[in-house]
Structures are given as C-alpha cells and as structure tokens.
Amino acid sequence: MLPRDYETDQGNVWIRNPVAEDISAIINLHRRCFPLMVAADGAWEVSELKSHLDLFEDGQLVAEIDGKIVGVASSLIVNMGRDPLRKHTYYGITDDGYFYNHDPQGDTLYGAEVYVDPEMRGRGIGKALYEARRDLCRRLNLRRILAGGRLANYVDHASRLTPEEYVWQVQEGKIKDPVLGFQIAQGFAVRGVMPNYIRDPRSKDYASLIEWLNPDYQPQEQGGAKVRIACVQYQMRRLDGFDDFAQQVRYFVETAGEDYGAEFVLFPEFLSVQLLSGLPPMGSREGIRKLAEYTDQFVELMATLAREQGLYLIAGSHPVAQSDGRLLNTAMVFRPDGSFVSQPKLHITPSERTWWGISGGDSLVVVQTPKARIGILICYDVEFPEAARYLADRGVEILFVPYCTDNRQGHMRVSTCAAARAIENQIYVATAGVVGNLPDVPAMDIHYGRASVFTPCDFEFARDGIHAQADANVETMLVTDLDISDLYRSRSSGAVTPISDRRTDLFEFNHKLSNEMIGRGVEEGTIEEE
C-alpha cells in the first residue's frame, strides 16, 4: 500500500497518492509533457483533478524524486459489461475527463493517463507508476487493467500504413513507438485499434486498446459483492487497568475475525471511558483529560489487533487532545496494515460540552477499502442529514455509527435517524452502542444500546429496512453479511430512487469542511501511519 518506494535500475521512485496542494504542479507537468495535445484539447482543469480525488483517490498516483513530482498516473474503475474490449473514446470512458462514471462495483481499472517529466525520462519513473497501478489492481481484486494507448508516432507513417498495420509493426519491433512500445514491455497485450479516441495530432486521434489481465483475480460470488461486518454491543464494566481493557477488546476482535470471518468490526462510542473506573475518583473534566493520556496505548492496541486479524477496525471513539489544547471525540479506523484514519465528531451534545469540554471537529473521512467505501458519523452526528449526504455524495456505501446513549429516548433518536439516512441516501448504516453502567464515572452512569444495521426500504432488502438487530441491553455481537450490489440495483431500478430524483434545480448543498482532500485511501480527515 502507498506511499512506498519502488526500486528501479536507476534508483528508487517514491509513489504516493496526491493531495490538493499538488494540483497546480500536476497541471504544469501535464502542459510540459503534452504541448501539442494541450494546444488541441487543453490541459487538465483544477475541477477535473479535484473530481478525480473526490471519486477515487486510490487510483490517482504521483511519482516523486527528491521531493519533486516527476510523474503522474490517473485511473478509474469502470464496468465494461459483456463486451469489455469494445471500442470507445477517451471522453466517453472518462465522462469528459471528470470520472463521474467511476464505478466501485466495476471489475476493470481503466488507465486514463500516465506522463513523466521530459527531463526525467529514462529513470524508471513510468515503470514504477505502472507497477503501482498493477499493485492497485491486485489489491482491489479487479479483473484487468484497460487503457487506450495513443499511437505517438503514427503521423510519421500514416501515408503508407493503416493504424492496424502501424500497431502490428510496433509489436514486431519494426517501428519504435515510445508509448505503445513501453506498454507492451509492461506486459500489456494489444486488443484492437480505436479511431477518434482522443484529439491528438501526433496519433491522428487513433489509439490502441491494451489490456493487462490480473493473474491473482478471484471471481466474486455470482450476482453479489458480500461484506461481513460485526457490530459489538459492548458492556461497560469496572476495569483494573489498561491490560484488563485490552483483554476485553481483544476477545471481541479475535472472535469477530477468527470465528466469524468479519471484515469490518465496529465498536461503540466512548469505548475507552471505562478506563476511568480503575482510577481514583475525579471530576468529569479532569477525568476526560486523563483519559486522553491513554491515546498512544489505545492506538497501539487497536493497530495490533487490526494487523493480527487482517480486518478494518472502527475502534469506537476516544478523546484525543489537540496541539491547541482542544479535546476531540475521535473515531479511528484501523486498516489491516495497522495504519489508521481519524474522524472527529462534528456535532457535540450539550452534556459533552458541559461535562467534558469537548469541541467539535470540522472534517469528514471517506475511506476506500477493497470491499466497500465507508464513512463514520459518531452518535449525534447521524441526527444531522447534511453530514451523511456529504459522505454519500462521495460514494460511501456503508456508514458506521458508533454511539453512546444513556436512555431509550437517546437510543431512538440515533437509530431512527440512522434508518432515515439509509433510506434517503440508499446506503447501509451500521450502529453499535454501549450497554451496562459505570457508577463511579461521572456522566457515564447508565446506558441503553441496541446494535442494528439499516438498509434502504425496498424490495432488495429486509422487511422494515432492518437488515439485522441485536437484543437490547445485553452484551453481544451482531454479525451479518451485506450485499453491496443490492445498493446499486436499488439505485437503478428501485421502487423509489432518492439519489437520482433529488431536485438539484431547487436545492443546493454546500459545505465549509476544513480539508477537501486527501491522504492515502481517504478523502478528508487525518491519516497517520503506525
């Protein structure tokens, strides 16, 4: 996974996913690499590159040497249907360059662009970008990589050769073509020639259709893309120390992973607050600050468990102190490699503000995983439709909601709003709350919880829009399978189609979130490596 060094015969090349601040450098490099194409068709626009990052950050790559961007590769996932080798145009396959047709449920990684600084060619940069793209194809278990390779020198031979004859002679080594020759050397096979592919004087608008088949591809179950999740309905109990806490958490993660094969495990909000039960009594604000001192141990535990079980661990939430002195109620999503993404709670309840002095965050996280695109809203956040709408518009398919409520009314507010978010955005919403009590911890006396998974209410899904639900107020774990394909069938042919039926001519959605882009596999928020 990125970022990482790729070794070449000429030295190492650092490959990473771009961030918003890279956009101007990417555009300048594009202009220098393709002056004739830019003159005919224009360079990348800022809006296009932002769209690429919003829709499929994992598919966008930059190569660095000595801290300078020297190469770029752009990709999207497409569904080519029954005829994956059909002719197409660049503008059609990329939705006029914006990648709006990116389909997370597709089986083909489409290579939209690769270019290398003209002054840095011959240093293995293109080779490293192609290798990184193949690694991405394997990691996402996609069937193939397709691309249109412009016939870079065809203009010099067009008077005597057809495009097909030119391609054949390049394959035979009789003509040198810097683009197609390189692609063949990278293991791609030519599947055809496409006219009017792109406006490029050098290729007379022709391109080869090239394909690389993923040798590690594992076919998915017919008609479905199943994801197994486990929602831990966790009982608050008195603890003797961090080791006691770690033992309880480990039990659930190991059970979910080893015994039930879960790929995502969700813990409740304020999971770690029970650590205060093993400390001398103190005021609520002093206690929550003390709890924040456990952050390093908390991160190490969760990262270790995610790595050991090879799953995504949504570790409830934990108070995290910021450099400016604020305290954020933070959910952390740990990947199978131990890296994690931090999602702060945006909307702070009156009791959190009064008792603990917690502040609200200002960013939202979208995480691309091999099985589904996920987002997190912590408890009260799910009661505000704007936050879920923002995540859904960026492709979230499963929304995880860790929560902590003290009575049935609070639980019903969270669960009812979670069900509404599932319906209006046509996504899955999984919730997990704490149960039990902590008599010696201020503001954490009693709890009411019932883990649930909600769906759009339509024919594809379970009755009443409740996919699965645990018994209330007992410690347990809700394990269930979700079919991501059902979401897309519902969106295209459901009894109602809320996403496509929105009146964007009447209503606009704007946001002022702090950071629009990007870390590895995440659109907004803070990524840290363990």
Side-chain angles (χ1 to χ4, degrees), residues 6-13 15 26 29-41 43-44 61-63 65 69-75 85 87-90 93-94 109-134 137 144-213:
Y6 281 80
E7 294 182 3
T8 74
D9 293 339
Q10 294 75 30
N12 288 353
V13 179
I15 305 291
I26 291 172
L29 181 59
H30 186 252
R31 291 180 184 278
R32 291 199 296 114
C33 290
F34 303 118
L36 293 178
M37 287 179 60
V38 167
D41 202 29
W44 284 120
L61 309 172
V62 294
I65 293 179
I69 294 177
V70 294
V72 176
S74 303
S75 307
L85 303 180
K87 289 182 172 62
H88 54 268
T89 68
Y90 179 84
I93 202 72
T94 66
L109 185 67
Y110 195 87
E113 194 84 270
V114 174
Y115 46 99
V116 173
D117 189 329
E119 297 179 1
M120 302 292 286
R121 288 172 184 165
R123 298 186 59 174
I125 298 166
K127 180 180 179 181
L129 287 167
Y130 269 73
E131 186 178 350
R133 186 181 272 171
R134 289 192 293 268
C137 184
R144 64 176 63 83
I145 301 175
L146 280 184
R150 63 190 184 89
L151 307 185
N153 289 338
Y154 179 58
V155 68
D156 300 331
H157 304 270
S159 61
R160 63 183 183 87
L161 297 175
T162 66
E164 290 77 10
E165 291 170 337
Y166 174 84
V167 169
W168 180 82
Q169 293 209 20
V170 172
Q171 290 178 285
E172 292 295 307
K174 298 178 179 181
I175 294 176
K176 291 188 179 297
D177 185 290
V179 175
L180 181 56
F182 176 77
Q183 292 166 334
I184 292 172
Q186 292 302 306
F188 282 80
V190 177
R191 302 304 190 193
V193 175
M194 299 183 291
N196 302 312
Y197 179 74
I198 195 167
R199 289 185 284 274
D200 172 33
R202 290 289 304 169
S203 66
K204 298 186 73 66
D205 299 349
Y206 283 99
S208 60
L209 175 60
I210 59 171
E211 181 185 38
W212 178 81
L213 292 172

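Not one N or O on the side chain of R32 forms a donor-acceptor pair closer than 3.5 Å with the backbone of D117.
Nearest approach of A132 to Y6, heavy atoms of both residues: CA-OH, 3.3 Å. When every heavy atom of Y115 is checked against every heavy atom of I26, the shortest pair comes out as OH-CG2, 3.2 Å. Nearest heavy atoms, V70 versus L29: C-CD2, 3.9 Å. When every heavy atom of G71 is checked against every heavy atom of L129, the shortest pair comes out as C-CD1, 3.9 Å. Nearest approach of G148 to A207, heavy atoms of both residues: C-CB, 4.2 Å. Across every non-hydrogen atom of G111 and A147, the tightest pair is O-CB, 3.6 Å.
Separating the CG atom in D205 from the CD1 atom in I198 is a distance of 8.5 Å, to the nearest 0.5 Å. We find the CG-CD distance between L161 and Q169 to be 5.0 Å, quoted to the nearest 0.5 Å. To the nearest 0.5 Å, the span separating CG on L146 from NE2 on H88 amounts to 6.5 Å. In this structure, CE on M120 lies 12.5 Å from CD1 on I69, to the nearest 0.5 angstrom. Between S74 atom OG and L61 atom CG the span is 8.0 Å, to the nearest 0.5 Å. Rounded to the nearest 0.5 Å, atoms CZ (R150) and CG (D177) are 8.0 Å apart.
Aromatic ring centres of F182 and Y130: separated by under 6.0 Å.
Taking 4.5 Å as the limit, every side-chain heavy atom of V193 sits out of range of all side-chain heavy atoms of K87. The shortest side-chain heavy-atom distance between N153 and V170 does not fall under the 4.5 Å cut-off. A heavy-atom distance below 4.5 Å is found between the side chains of L109 and R133. For the pair L180/V190, a side-chain contact is recorded, criterion being any heavy-atom separation below 4.5 Å from C-beta on. Between V72 and E113 the shortest side-chain heavy-atom distance does not fall below 4.5 Å. Side-chain contact check for S208 versus Q183: some heavy-atom pair is nearer than 4.5 Å.
Aromatic ring orientation, Y154 versus Y206: perpendicular (interplanar angle above 60°, classes split at 30° and 60°). Between W44 and Y90, the two ring planes are tilted [angle within 30° to 60°].
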Checklist line | Stepwise side-chain contact (heavy atoms from CB on, under 4.5 Å) test for Y197 and S203 | finding: CA-CA 10 Å; Y197 179 74; S203 66; over 6 Å; no

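In this structure, the salt bridge (Lys or Arg N to Asp or Glu O under 4.0 Å) partners of E211, at least two apart in sequence or on a different chain, are R144, R191.
More than 12 heavy atoms of other residues, nucleotides or ligands sit less than 6.0 Å from atom CD of E165.
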